[in-house]
Amino acid sequence: MGPHPAVAAIRLAVRRVLHDILNDHPAPDENPHERPTPPLVLVACSGGADSMALASALAFEAPRLGVRAGGVTVDHGLQPGSDLRAAEVVLRLRELGLDPVDSTAVAVGREGGPEAAARDARYAALDAAAEAHGAAAVLLGHTRDDQAETVLLGLARGSGIRSLSGMAAVSGRPGAARRYRRPFLQLDRQTARKACMVQSLPVWDDPHNADPAYTRSRLRHEGLPALEKALGKGVVEALARTAQLSRDDADALDAWAGQAESSVRDASGLLECAKLYALPPAVRRRILRRAAIEAGAPAGSLFARHIEEVDRLITGWRGQGVINLPGKVVAQRQGGRLVIRQG
């Protein structure tokens with residue numbers, strides 16, 4: 001008799017991702033007599049159902065594929081006893097057979113709000129752990145439900161198709177573009193919880209996930225249930241499908257903008273307004289955004305309204321003055337050219 005369907009589902013999802021990681025990190029062939037060191041894959045685990053299910057699946061599948069499996073838990077220090085909770089998670093991961101296992105305490109700042117600040121601190125800690133251990137990848141337990149919530153949050157921001165594309169199955173920061181893998185994006189949250197239950201894995205429910213002070217919590221407990229009541233039970237699946245379609249479209253437009261950029265610059269490298277005007281708005285605005293970031297505007301502070309204002313220098317020219325952008329970057333039109341530079 002095989003494993004419970006929920007356990008089989010989480011293991012299959014992890015197996016597929018481990019195969020992808022092995023393909024990304026082939027064994028060196030310069031010395032066929034020397035046994036290569038197996039790649040190390042870490043699981044980021046909070047102790048919640050999603051990440052505990054992920055850790056259990058990694059512990060089961062990794063040795064069968066010749067992959068080393070470890071774990072890391074991040075103590076955000078936002079609740080009393082969070083250090084004890086992190087120590088419990090470390091113990092559970094070691095009981096699953098993961099090694100190495102790290103616990104990292106972080107200081108959460110305030111920039112961008114509590115949720116964004118905690119996320120930034122967490123990813124910085126995960127990056128540091130991956131680099132310290134030379135890990136090939138870090139697995140994250142985001143589910144299809146998390147993806148649906150992310151799409152709705154992006155829709156509420158009104159910041160374009162990229163914000164509707166949700167979380168990528170594979171992502172990373174500059175220099176480690178494929179570090180993070182999300183095996184459960186096609187699985188629902190209930191499957192992960194069921195897999196923990198049938199394996200008798202203890203899980204911790206973070207009180208922040210039920211705290212109405214947090215936007216995502218309100219969306220999870222009030223917004224999505226209301227949408228499902230009004231539109232039917234397929235809302236989560238539809239939103240996750242929207243994320244993938246939006247990501248494909250956004251990637252295509254990014255590629256188009258990258259190819260078009262050189263053709264809209266003059267011999268000195270300045271952007272030519274007439275050539276920009278001839279491009280589709282979605283392509284032109286991507287070029288403008290990229291130019292602003294290259295001039296020093298922080299990507300996280302550069303919103304759609306900033307780019308629309310710069311775009312009007314091309315599409316609605318009325319002799320406007322300098323446009324001020326985040327990061328002390330300015331944009332202005334000079335003799336048919338668009339100049340974006342540090343002010």
Problem set entry | Check against salt bridge (Lys or Arg N to Asp or Glu O under 4.0 Å), R193 and D205 | CA-CA 11 Å; R193 186 168 287 275; D205 290 313; 2.8 Å; yes

Exercise. After noting the C-alpha distance and the side-chain angles of R182 and Q147, does the key distance pass the side-chain hydrogen bond (donor to acceptor under 3.5 Å, both in side chains) rule?
Worked result: CA-CA 11 Å; R182 297 176 173 87; Q147 185 74 301; over 6 Å; no

Seminar exercise, completed: For F60, the ring pair (Phe, Tyr, Trp, His ring centres under 6.0 Å) test, sequence neighbours excluded, returns none

Problem set entry | Donor-acceptor pair between Y180 and D127 side chains, under 3.5 angstrom | yes

Exercise. When you look at V310 and L338, which way does the side-chain contact (heavy atoms from CB on, under 4.5 Å) test go after all the steps?
Worked result: CA-CA 9 Å; V310 177; L338 187 68; 4.0 Å; yes

Exercise. Does a sphere of radius 6.0 Å around CH2 in W256 hold more than 12 heavy atoms from other residues, nucleotides or ligands, not counting ones at 6.0 Å or beyond?
Worked result: no

Exercise. Taking NZ, NE, NH1 and NH2 as the nitrogens, is one of them in R181 or D24 under 4.0 Å from a carboxylate oxygen of the other?
Worked result: yes

Exercise. Are a donor atom and an acceptor atom from the side chains of R85 and S46 found within less than 3.5 Å of each other?
Worked result: no

Problem set entry | Pair D266, S268: side-chain N/O donor-acceptor within cut-off below 3.5 Å | yes

For this session: Verify side-chain hydrogen bond (donor to acceptor under 3.5 Å, both in side chains) between R68 and T37, making sure each step is shown before the conclusion.
Result: CA-CA 9 Å; R68 291 180 297 141; T37 303; over 6 Å; no

Problem set entry | Pi-cation contact, W317 with R312 (under 6.0 Å, within 45°) | no

For this session: Could you grab the distance from atom CZ of R144 to atom CD of E237, nearest 0.5 Å is fine?
Result: 4.0 Å

Problem set entry | Contacts of type side chain to side chain contact (heavy atoms under 4.5 Å, CB included), residue L219, not counting sequence neighbours | E149, L152, L153

